[in-house]
Amino acid sequence: MGISVVACIVLSAILMLNAQQSNGALSAETQMLIEEANMSGPYLGLVIPNSFEMDPLLQSPNFTSSNLFVDFSGRRFRFGTIANKQVILVMTGLSMINAAITTQLLLSVFNIEGVVHYGIAAHANPSFNLADVVIPQYWSHSALWSWQRYGEGPQDELPLEANGDYTREFGYLNVANYTVNVTDGSSYDNSLNNIWFQPEEVFPIDGTPEERQHAFWVAVDPLYYEISQKLEELELERCLNATTCLPHTPKVARVQRGTSASIFLSNAAYRSFLHDKFNITPLDMESASVALICLQQRVPFIAIRSLSSSLSGDPNEASKFITIVSKNSVTAVVEFIKQLSLHQLVINH
């Protein structure tokens, strides 16, 4: 054996040892579990914000656990099947950053054919009610802003706009329009001025490295969206028990747009603005992150959200029926996977 070959083997062993000992790196045992799991792929990745949204699926008779799970980077990746389709379940935790990190880990490490993101969400559309399930065709991140200085207006160029860093394309929120307790006929203004909504910079895997593209509205996968139309026939739960029921029958509907931000949004005026400006229905803290990662990685994606808030009526209604809200999102996801599995079975035969 030549010296150069021996040197390469020794160097490889040292690098592998160092990698395993590095803070946050995968252990040899974890790497082996991942390699074995990927040999049985591909999988449909189910990305879920919190445990109260994941637990109903883990407890569902439609989910069969394979008793395999892989832990790394603070996440647990659970393996199983739904409607004969192999799935990996992973919980992200709250917010855009956690959702993005978790989705990127899932796609970078495992053999994933597509991503289904589900959970509960607030909403801004008066056409929908508590525990309805909605499936947007487009998602945006609505908290990347260029906040305009006081004294400038819509006709004024934003800082760095000429360089392509920021844009006035997607519109703005004029804070002064939401001033209250103003005497009739008096003029008013607000030093907070205008907030301009900005697209994300994205770097797709099939693009040129470090050459940015921009995305404000991210479309879900066209096939997934077409398949999701079948969910509109689903019957959803409305009763906690024999005596405690919602006053309406929840429904599943496809809608045009949803939006996400790392903001817990209880403010009715801002919800109304988002609906009027962008035709938004669901509002959450994760979906747009999952969408943006899948866009950059060129992986099919869809998000399904059950509405956990009411625009009218008892403000405590949502907390009373939160169990039904969570279950309805799981019911819709399971049915989507059944329909996707059936579609792929027909195509393959």
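These numbers come from the heavy atoms of this one structure, side chains and all, not from hydrogens, waters or symmetry mates.
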*Between Glu286 and Ser95, is there a donor-acceptor pair closer than 3.5 Å when you use the side chain of the first and the backbone of the second?*
yes
*Output, in order, the C-alpha distance, side-chain angles, deciding distance and verdict of side chain to side chain contact (heavy atoms under 4.5 Å, CB included) for Asn98 and Arg75.*
CA-CA 10 Å; Asn98 277 323; Arg75 271 74 179 176; 3.2 Å; yes
*Side-chain contact test, heavy atoms from C-beta onward, threshold under 4.5 Å: evaluate it for Ile322 versus Ile120 and give yes or no.*
yes
*Using a 4.5 Å cut-off on heavy atoms from C-beta on, say whether the side chain of Thr281 contacts that of Gln256.*
no
*Is it true that atom CD of Gln59 has more than 12 heavy atoms of other residues, nucleotides or ligands lying nearer than 6.0 Å?*
yes
*Approximate separation, where rounding is to 0.5 Å, of Ile302 CD1 and Ile135 CD1*: 5.5 Å
*Would you name the heavy atoms of Ile263 and Ala143 that are closest together and state the gap between them?*
CD1-CB, 4.2 Å
*For Asn181, look at atom CG and say whether over 12 heavy atoms of other residues, nucleotides or ligands are found less than 6.0 Å away.*
no
*How close do Val87 and Leu89 get, heavy atom to heavy atom, and via which atoms?*
CG2-CD1, 3.7 Å
*How many angstroms lie between CG in Asn177 and OG1 in Thr179, if you round to the nearest 0.5 Å?*
7.5 Å
_Show me the pairs that pass disulfide (SG to SG under 2.5 Å) and involve residues 47-115, at least two apart or across chains._
none
*Output yes when a side-chain donor or acceptor of Ser309 lies under 3.5 Å from a complementary backbone atom of His123, and no otherwise.*
yes
*Taking the side chain as every heavy atom from C-beta outward, state whether Ser260 and Ser289 have any pair of such atoms under 4.5 Å apart.*
no
*Let me see the working for Arg305 and His117 under side chain to side chain donor-acceptor pair (under 3.5 Å), right down to the final yes or no.*
CA-CA 8 Å; Arg305 287 284 186 160; His117 176 59; 2.8 Å; yes
*Tell me, please, which residues at least two apart from Tyr178 pass ring-ring contact (aromatic ring centres under 6.0 Å, His included).*
none
*Go through the structure and list residues passing side-chain contact (heavy atoms from CB on, under 4.5 Å) with Asp206, not counting sequence neighbours.*
Pro204, Arg298
*For Asn111 and Ala37, indicate whether the former's side chain and the latter's backbone hold a donor-acceptor pair under 3.5 Å.*
no
*Lys230 NZ: over 12 foreign heavy atoms closer than 6.0 Å*: no
*State, with a plain yes or no, whether a side-chain heavy atom of Arg78 is found less than 4.5 Å away from one of Leu46.*
no
*Over 60° means perpendicular and under 30° means parallel, so classify the ring planes of Phe197 and Phe216, tilted if in between.*
perpendicular
*In Å, rounded to the nearest 0.5 Å, how long is the span from CH2 of Trp196 to CG of Leu158?*
6.5 Å
*Quick one: CG on Leu274 to CG on Asn279, what's the gap to the nearest 0.5 Å?*
11.0 Å
*Under 3.5 Å: donor-acceptor pair, side chain of Ser341, backbone of Lys338*: no
*Determine, for Asp156 against Arg168, whether the closest basic-nitrogen to carboxylate-oxygen distance falls under 4.0 angstrom.*
no
*Flag if over 12 foreign heavy atoms under 6.0 Å of CZ, Phe264*: no
_Taking side-chain contact (heavy atoms from CB on, under 4.5 Å) as the definition, give me every residue that meets it alongside Pro126, ordered by chain and number, with sequence neighbours left out._
His275, Leu311
*Pairs involving residues 66-110, ordered by first then second residue, that meet ring pair (Phe, Tyr, Trp, His ring centres under 6.0 Å) (sequence neighbours left out)*: Tyr43-Phe79, Phe72-Phe77, Phe77-Phe110, Phe79-Phe110
*asked:* Just so I know, are the side chains of Arg254 and Ser228 near enough to count as touching, which here means a heavy-atom distance under 4.5 Å?
replied: yes
*Report the C-alpha separation of Val290 and Trp139 in whole Å, then their side-chain angles, then the decisive distance to 0.1 Å, and conclude whether the side chain to side chain contact (heavy atoms under 4.5 Å, CB included) test is met.*
CA-CA 10 Å; Val290 182; Trp139 285 91; over 6 Å; no
*From Thr81 OG1 over to Asn62 CG, what is the distance, rounded to the nearest 0.5 angstrom?*
10.0 Å
*asked:* Looking only at the side chains, is there a donor atom on one of Gln296 and Glu200 sitting less than 3.5 Å from an acceptor on the other?
replied: no
*Does the ring center of Phe170 lie less than 6.0 Å from the ring center of Phe278?*
no
*Heavy-atom check, side chain of Cys294 versus side chain of Leu107, under 4.5 Å*: yes
*Side chains of Phe52 and Val325: closer than 4.5 Å at any heavy-atom pair?*
no
_Atom CD1 of residue position Ile97 - does it have more than 12 heavy atoms of other residues, nucleotides or ligands inside 6.0 Å?_
no
*Any donor-acceptor N/O pair, Asn163 side chain to Asp165 backbone, under 3.5 Å*: no
*Trp217: what forms a side-chain hydrogen bond (donor to acceptor under 3.5 Å, both in side chains) with it, not counting sequence neighbours?*
none
*Tell me whether Val115 is reachable from Ile82 by hopping between hydrophobic residues (I, L, V, M, F, W, Y) whose side-chain heavy atoms are closer than 4.5 Å.*
yes
*Please indicate whether Lys327 has more than 12 foreign heavy atoms, meaning atoms of other residues, nucleotides or ligands, lying under 6.0 Å from its NZ.*
no
*So, does Thr103 use its side chain to make a donor-acceptor pair with the main chain of Ala100 at under 3.5 Å?*
no
*When you measure from the side chain of Ser140 to the backbone N and O of Thr259, does any donor-acceptor pair fall under 3.5 Å?*
no
*Does any N or O in the side chain of Glu53 come within less than 3.5 Å of the main-chain N or O of Asn50, such that one atom is a donor and the other an acceptor?*
yes
*Using modelled atom types only, decide if a donor and an acceptor are shared between the side chain of Ser306 and the backbone of Ser326 within a distance under 3.5 Å.*
no
*Measure the CG-CG distance between Asp71 and Leu26 for me, rounded to the nearest 0.5 Å.*
11.5 Å
*Check whether the side chains of Glu335 and Gln339 place a donor and an acceptor atom closer than 3.5 Å, and report yes or no.*
yes
*Is there side-chain contact between Leu231 and Val133, with heavy atoms separated by less than 4.5 Å?*
no
*Minimal non-hydrogen separation, Phe63 against Leu57, with atom names*: CB-O, 3.3 Å
*So, the side chain of Glu237 versus the backbone of Asn328: is there a donor-acceptor pair under 3.5 Å, distance only?*
no
*Aromatic plane relationship, Tyr270 with Phe273 - under 30° parallel, 30 to 60° tilted, over 60° perpendicular*: parallel
*Should Ile88 and Ile34 be regarded as members of a common hydrophobic cluster, given that ILVMFWY residues are connected when their side-chain heavy atoms come within less than 4.5 Å of each other, either directly or indirectly?*
yes
